[in-house]
Protein chains: 2
Amino acid sequence: MTAKSDTPAVKALLFDIFGTVVDWRGSLIADLTQWSVQRGVSGDWTALVDAWRQAYPPSMNEVRTNPERGFIILDTLHRQSLERLVAEFGIQGLSDDDLHYMTMGWRRLKPWPDVVAGLTRLKRDYILSPLSNGNVALLTNLAKSAGLPFDLIIGGDISGHYKPDPETYLGAAKLLCLRPDEVMLVAAHNNDLAAAQALGLKTGFVPRVTEYGPLQVRDFEPDRAWDIVARDFGDLAARLGC
Amino acid sequence: MTAKSDTPAVKALLFDIFGTVVDWRGSLIADLTQWSVQRGVSGDWTALVDAWRQAYPPSMNEVRTNPERGFIILDTLHRQSLERLVAEFGIQGLSDDDLHYMTMGWRRLKPWPDVVAGLTRLKRDYILSPLSNGNVALLTNLAKSAGLPFDLIIGGDISGHYKPDPETYLGAAKLLCLRPDEVMLVAAHNNDLAAAQALGLKTGFVPRVTEYGPLQVRDFEPDRAWDIVARDFGDLAARLGC
């Protein structure tokens, strides 16, 4: 019996992006370091990137808990956090174009080495989409630059909600005209999978133990017996019979 | 000076689907004819397909002009129209599964012969998406079955509106974080292009003079000097410098 026959109903695989599909930390540190040399500005880019990522959950929670203010896309949250952080870090001389270039760095992130080959195999048998807090424009440009062969793009601005709001997981299933158990979320984060599982989605865990570099404190292992636990996207494809 | 330099700002090409990208009439007639032989039911499938297509604009207008009833996706409108038509045509013995199979025929439509090669060339330089009244699930399955290399899928259920409502054209530009004049609608229908142009989008016309078969009464020629008029998708790619 193959792994595929254990999950006969799954028709679409939805992927968490930041950390699961792309190495945001390594990509941004490399991108900003290279750019800063050409641009002639100096800063502790590793510390800035780590602080930028730490600003991300609270900035989304601000949106999630104040729906009356309207939905704000992740590109805008990234820019707002960056403006605060460059001031805090005392990085001088940045123009509006510089801040835009840096913010668009999230659209230039690089995938983990196993991703493109794994997705290419999976695409033959499954509908593939991000299910990400990134906005559609960010994710579309990221997928295009990284060569990620998604069939469609589901970002936070599709449902007007950020994960783990139920509207994100259930909205994606509804958009695809599928039942929640016909959809599998693939993520490197146990809390994302727990939210999806509670709503009836299938779950696939792929560890990314270097995502946060020396700051990584969780998600070294699966917390639960998720429907699939795979070493990487190649192993995920094999376990799904692709 | 190439055509590309005439339209330096365009970053995304949005495609009307039914008629422009896929031959809905020829595909549905062939699909239903083949299925009916295997299924052992008889009917005038050409007449049914033509009537089914004629039911489409009024069914959308019913949604457009009654927003208080909520948005209804095209899969559902197709099913509702079909149920009425099989009764009118006196087609007997169809089960719920049969009606479902027939309705899903809109997800199995075949592209015009120039489409896949043209889109593949265009994809290198442009973001490609449908901008269709089809719902996302319909379009996603259609793109997958037909091998259409879109970067993302924008259907009517993204904006909750049907063309020519402005929310469809402007919502697509907003979703991509682009100005309207950075987006080009490509369509075989002059009225679709006129609505897009009035909102500031760029326009590309590709004639599909056999779309309606012997019932075709319009769109043999461009009504205006659209930004681009191309013979087919290969010519469109050439004129956009791809």
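All chains are named by letter (A, B, ...) in the order of the sequence lines, taking the proteins before the strands, and each is independently numbered beginning at 1.
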Contact leader toward chain A among L152(B), L175(B), T140(B), N141(B), where contacts are heavy-atom pairs under 4.5 Å: L175(B)
Heavy-atom cut-off 4.5 Å, strictly under: side chain, backbone, both or neither for K174(B) against chain A? neither
Hey, which of I154(A), V136(A), L139(A) has the most heavy atom pairs under 4.5 Å with chain B? V136(A)
Nearest heavy-atom contact between C177(B) and D75(A) is SG-OD2, 4.1 Å
So which heavy atom on D151(A) is nearest to which on I153(B), and how close? O-CG1, 3.4 Å
Check whether K144(A) reaches the backbone of Y126(B) with its side chain - one donor and one acceptor, N or O, closer than 3.5 Å. yes
Near E83(A) CD, under 6.0 Å, is it more than 12 heavy atoms from other residues, nucleotides or ligands? yes
Chain B heavy atoms under 4.5 Å from L178(A): which part of the residue, side chain, backbone, both or neither? neither
If I take atom CG from residue N135(B) and atom CG from residue L176(A), how far apart are they, to the nearest 0.5 angstrom? 10.0 Å
